[in-house]
Amino acid sequence: MEHGRLKIAVLVSGSGSNLQAILDAAEGRELPARVVVVASDNPAAYGLVRAKERAIPTYVVDYSKGPGEEPDPLPFDLEALLKEQRLFSGLAQGELQRRIIRLALLEEELLKSLEPHGPDIVVLAGFMRLLTPHFLNAYPMRVINIHPALLPSFPGTDGYGDTFRYGCSFGGITVHFVDPGEDTGPIIAQLTYPIYPDDTLEQVKGRGLGLEHKLFPAVLRWYAQGHVKIEETARGRPRVKITAPDYSDFVRSAVVSSLR
Ligand code: GAR
């Protein structure tokens, strides 16, 4: 923390409308935080433009190009990493190992770009890549993701599409800590919105995204204010409790805003 303000690193892959919501909230002082660095796996991500407009340092680790030559030794303990990760279930051992090494080497570059800026937390705002424990262990319980569905339903890369096509009459969004699985980490906060019978997928996405732009800055504010409490449970899975006095009012007004 810097003068009571949270230092945030943001990872984006695309448009960066959530990044924009966070930047606006931080500028308007309703969020006691500063975005200190923005990084992307995609050189064409519009989120990078949004960051540059605010003179925030940006970095690209181009995942489509891959990590280049494999260093020897690897900058991580491969055996420990393979044991700890929970991605790509069902893959043959050789292919799994190849994919984890590739991801972790790319993550090494991401970590190097974030490190000099000393972020307190890393926020995934539409970052469409999986993270291994090599990255996560550098920021334990300090990587926060927003997912466009009511987890544990519809993990993956198309939360709105999956919710809509399944025929749900309510959809949701989830902000959660990232753990070594895919969209399986402890839930911090969720909101739901109705899906009406005549809705198109575009309308559903619009409604959900409108809520994302409210929820993500709110969660970061509660986190900065010390209102996000992590409780260890007997079953070993941490449970998150929000102790913010405005929590119920926030949820009520956000959910009502999504109704017709
Ligand atoms: C958002 O809907 C976010 O929830 C989703 O990508 C979109 C990014 O929009 N993230 C995921 O699906 C992560 N699995 P944005 O770039 O305009 O913020």
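Indexing begins at 1, ligand by ligand and atom by atom, following the structure's order. For the single chain, residues carry numbers from 1 onward in sequence order.
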Shortest non-hydrogen contact from Val123 toward Leu220:
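Looking at all heavy atoms of both residues, the shortest contact is CG2-CD2, 3.7 Å.
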Counting only heavy atoms not in Lys229 (residues, nucleotides, ligands), do more than 12 fall under 6.0 Å from its NZ?
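Enclosed: over 12 neighbouring heavy atoms sit under 6.0 Å from NZ of Lys229.
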So, Ser13 and Asp41: side-chain donor and acceptor under 3.5 Å apart, yes or no?
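Yes - a donor-acceptor pair under 3.5 Å links their side chains.
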Partners of Arg142 by side-chain hydrogen bond (donor to acceptor under 3.5 Å, both in side chains), sequence neighbours excluded?
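Not a single residue meets the side-chain hydrogen bond (donor to acceptor under 3.5 Å, both in side chains) criterion with Arg142.
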With a distance cut-off below 6.0 Å to the six-membered ring centre and an angular limit of 45° from the axis, does Arg129 pair with Tyr63 as a cation-pi contact?
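No, Arg129 and Tyr63 do not form such a contact.
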In this structure, which one of Glu212, Gln190, His147 forms a side chain to side chain donor-acceptor pair (under 3.5 Å) with Thr174?
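The passing option is Gln190.
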Report each N/O pair between ligand 1 and the protein that falls under 3.5 Å, naming both atoms.
| residue | atom | partner | partner atom | Å |
| --- | --- | --- | --- | --- |
| ligand 1 | 2 (O) | Glu212 | OE1 | 3.3 |
| ligand 1 | 2 (O) | Glu212 | OE2 | 2.8 |
| ligand 1 | 4 (O) | Glu212 | OE1 | 2.8 |
| ligand 1 | 4 (O) | Glu212 | OE2 | 3.2 |
| ligand 1 | 14 (N) | Gly156 | O | 3.4 |
| ligand 1 | 16 (O) | Gly16 | N | 2.7 |
| ligand 1 | 17 (O) | Ser15 | OG | 2.9 |
| ligand 1 | 17 (O) | Ser17 | N | 2.8 |
| ligand 1 | 17 (O) | Ser17 | OG | 2.5 |
| ligand 1 | 18 (O) | Ser17 | N | 3.3 |
| ligand 1 | 18 (O) | Asn18 | N | 2.9 |
| ligand 1 | 18 (O) | Asn18 | ND2 | 3.0 |

